[in-house]
Protein chains: 2
Amino acid sequence: MSIKCRFCPIRNLPLFSPMTDPELSFMESFKVGEMTIQPNTPILSAGANSPQLFTALKGFGLRYKLLEDGRRQVLSFVLPGDLIGLQAGVMNQMTHNVESTTSMTLCVFNRNELWTLFRNHPQRAYDLTWISASEERFLGEALTAIGQKSALESVCWALARIYRRLESLHMDERRSVPLPYRQQDLADALGLSLVHTNKTLAKLREQQVATWTEGRLTVNDIFALEDMGLVDSQLPQSRPLM
Amino acid sequence: MSIKCRFCPIRNLPLFSPMTDPELSFMESFKVGEMTIQPNTPILSAGANSPQLFTALKGFGLRYKLLEDGRRQVLSFVLPGDLIGLQAGVMNQMTHNVESTTSMTLCVFNRNELWTLFRNHPQRAYDLTWISASEERFLGEALTAIGQKSALESVCWALARIYRRLESLHMDERRSVPLPYRQQDLADALGLSLVHTNKTLAKLREQQVATWTEGRLTVNDIFALEDMGLVDSQLPQSRPLM
DNA sequence: GCGGCGCATTAAACTGTGACATACGGGAGG
DNA sequence: CCTCCCGTATGTCACAGTTTAATGCGCCGC
């Protein structure tokens, strides 16, 4: 049995904007279920039509595109609170894949109700547009990192961004956050080779800026990491949760 | 004096989805004016709050991010029909810059009416979300090009995409489209150096695949160009115009 | 307990792309 | 008409990052 939205485990984090009672009621009707999936489970596939959207409640995943020869570009890392599948939901065409990295718990929404949401709940519609604009902004930052920054700058940018996001989800503990991805995942996110990513992470370890080991990232000085990654803006302090 | 939306010069292109009379009426109230700007004019600046959104009616521009040391990442090329400023409009925070490359004619919309649009015109709100999702999809493709493709593959991908967009705006003429950008702009879009971009374009000219000269791009075989650029999906055949 | 697999690490060789320098043509301004 | 600037073009060399190969460690299944 699914959790009622009003009992959602993450919605009371200060990160997430509050919802009114009518909005909560609508979201409960919009939600068709909940699913828990194992690691490495595909959630959405490019080219496939999915009748559902999802919010990640727990666990980690990633979004990626594949080239025909197997090269993979990781577009972003999915963290708790992230909406999955809006692009397919709105454009009726999914051009990337989403899969879990750890076990995940997902809220499942019915895409056919999307139009009802737009008609009857303009604030929720506004929130969806905000989420899409936020994704767009992140991809712009990623494009800038890959296109213009050195490997070291890019790795610092990525780790700083991930750390800040997990911090705002209150998943930090003594300057350490869970990061259950492989080095190949970060390499594919930054357009680097695995070996070069490994060497760059070793440099950060040596300089005692950041250490990523055993599925956790420890950042000794987040400001130094942000500086090295040329991070020039703050993440929004508040965001909607679907 | 501004053109009434119903007399918009580009809205009757088959590319753009039709609008109902109430939608047209609302857009005319949403529109506060029209402006014509000279080449190299900033339209939106990162960090600035802009009270306006724009639709490009005519002319070309680009969206880009700057690093502190002057390195520039071009995020995308602005073509007629493009909406400018949605990110700032929705997130209240502009993280990239937009400027004209040629003289441009822009429809100007009042951001304060955005909430009215969401409340009273769900189809238009849906269209805005569609546009944002479409931008997101494009940035994902660009990320994949820069991160995983060789210089030649990336240049082919970019030229093929631009050609197809201009073709759907009916700006093609005997396999040639206007492309009033500099080579440095394409280099900055693909994370390449100017020299290497120049050499890659020379290769394409030698192979008689595509020729970019004197502000025009001529593509002898768009399918070959798409193949070389590993283009694996079609652009949507129809899109909303704001 | 052993073998195999997946991931992280490291060394060495290689290369696609960057950096630097120079030349040319066209356009604009004086 | 001349000069200067901008953009394009090309050659040469350097290097950040890639590729290839090998090793070690931990975990899982038999």
Side-chain angles (χ1 to χ4, degrees), chain A residues 38-40 60 62 67 69-74 101-102 145-159 178-206 210-218 228 230, chain B residues 38-40 60 62 67 69-74 101-103 145-159 178-207 210-218 228 230:
Chain A
Q38 295 305 309
N40 302 313
F60 297 76
L62 43 75
L67 294 177
D69 61 13
R71 283 179 278 171
R72 180 184 72 157
Q73 178 61 42
V74 168
T101 298
T102 66
I146 296 193
Q148 298 302 324
K149 295 178 182 179
S150 67
L152 186 64
E153 290 169 341
S154 294
V155 169
C156 291
W157 168 82
L159 295 183
L179 196 58
Y181 297 101
R182 301 174 297 141
Q183 289 184 3
Q184 184 68 66
D185 296 329
L186 181 62
D188 289 351
L190 300 178
L192 299 170
S193 70
L194 168 61
V195 171
H196 198 56
T197 300
N198 182 277
K199 288 171 178 169
T200 307
L201 289 167
K203 262 192 204 167
L204 289 178
R205 206 158 47 237
E206 280 163 25
T211 302
W212 178 16
T213 184
E214 293 174 346
R216 291 193 73 84
L217 170 66
T218 301
M228 289 174 71
L230 309 181
Chain B
Q38 296 305 309
N40 304 312
F60 297 75
L62 41 74
L67 294 178
D69 62 12
R71 281 178 279 171
R72 180 184 73 157
Q73 177 61 44
V74 168
T101 297
T102 67
S103 68
I146 296 193
Q148 298 302 324
K149 295 178 182 180
S150 67
L152 186 65
E153 290 168 342
S154 293
V155 169
C156 290
W157 168 81
L159 295 183
L179 197 59
Y181 296 102
R182 300 173 299 141
Q183 289 181 5
Q184 184 68 67
D185 296 328
L186 181 62
D188 289 351
L190 299 178
L192 299 170
S193 71
L194 169 61
V195 170
H196 198 57
T197 300
N198 181 278
K199 287 170 180 169
T200 306
L201 288 167
K203 263 191 204 167
L204 287 179
R205 206 160 44 237
E206 281 163 24
Q207 298 176 27
T211 302
W212 178 15
T213 184
E214 291 173 348
R216 290 194 73 84
L217 170 66
T218 303
M228 290 174 69
L230 309 181

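Naming convention: chains lettered A, B, ... in sequence-line order (proteins, then strands); numbering from 1 in each chain. Please read all numbers here as calculations on a predicted model, not as lab measurements.
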**Item:** Whole-Å gap separating C1' (dC6(D)) and CG (Asp185(B))
**Value:**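 The answer, rounded to whole Å, is 13 Å.
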
**Request:** Verify, without hydrogens or angle tests, whether Trp212(B) (side chain) and Leu179(B) (backbone) share a donor-acceptor contact under 3.5 angstrom.
**Result:** yes

**Residues which pass side-chain contact (heavy atoms from CB on, under 4.5 Å) with Pro39(B), listed by chain and number, not counting sequence neighbours** =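 If we apply the side-chain contact (heavy atoms from CB on, under 4.5 Å) test to Pro39(B), skipping adjacent residues, the hits are Ser103(B).
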
**Message:** With the threshold set at under 4.0 Å for non-hydrogen atoms, list the residues of residues 147-155 of chain B touching DNA chain C in residue-number order.
**Reply:** Ser150(B), Ala151(B)

**Request:** Quick one: pull up NZ in Lys149(B) and CG in Leu230(B) and give me the separation to the nearest 0.5 Å.
**Result:**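 Separation between the atoms: 5.0 Å.
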
**Request:** Supply the atom-to-atom distance Gln148(A) CD to Asp188(B) CG, rounded to the nearest 0.5 angstrom.
**Result:** 5.5 Å

**Request:** Could you pull out the closest heavy-atom pair between Arg72(B) and Leu62(B), with the gap in Å?
**Result:**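 The pair with the smallest heavy-atom distance is NH1-CD1, 4.0 Å.
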
Donor-acceptor pairs are to be reported for all side-chain atoms of residues 190-197 of chain B against protein atoms at under 3.5 Å, with residues two or more places apart or in another chain.
| residue | atom | partner | partner atom | Å |
| --- | --- | --- | --- | --- |
| Ser193(B) | OG | His196(B) | N | 3.1 |
| Thr197(B) | OG1 | Ser193(B) | O | 2.9 |

Under 3.5 Å, which protein N or O atoms sit close to an N or O of nucleotides 7-10 of chain D? Give each pair with its distance.
| residue | atom | partner | partner atom | Å |
| --- | --- | --- | --- | --- |
| dT8(D) | OP2 | Gln183(B) | N | 3.3 |
| dA9(D) | OP2 | Gln183(B) | NE2 | 2.6 |
| dA9(D) | OP2 | Asn198(B) | ND2 | 2.9 |

**Request:** For the residue pair Leu186(A) and Val74(A), establish whether any side-chain heavy-atom pair is separated by less than 4.5 Å.
**Result:**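 Leu186(A) does not reach Val74(A) side chain to side chain.
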
**Item:** Criterion side chain to side chain contact (heavy atoms under 4.5 Å, CB included) on Thr218(A) and Thr213(A), from CA distance to verdict
**Value:** CA-CA 8 Å; Thr218(A) 301; Thr213(A) 184; over 6 Å; no

**Asked** Reckon Gly215(B) touches a base, only the sugar-phosphate, or nothing at all at heavy-atom distances under 4.0 Å?
**Response**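 Nothing: the residue Gly215(B), judged by heavy atoms under 4.0 Å, touches no strand.
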
**Item:** Residues forming a salt bridge (Lys or Arg N to Asp or Glu O under 4.0 Å) with Arg182(B), sequence neighbours excluded
**Value:** Asp185(B)

**Prompt:** Taking any atom under 4.0 angstrom from a heavy atom of chain A, which nucleotides of DNA chain C are the first and last to qualify, 5' to 3'?
**Reply:**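 From 5' to 3', the first and last contacting nucleotides are dC7(C) to dA12(C).
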
**Request:** With side chain to side chain contact (heavy atoms under 4.5 Å, CB included) as the test, would you mind laying out the steps for Glu153(A) and Leu67(B) before giving the verdict?
**Result:** CA-CA 12 Å; Glu153(A) 290 169 341; Leu67(B) 294 178; 5.6 Å; no

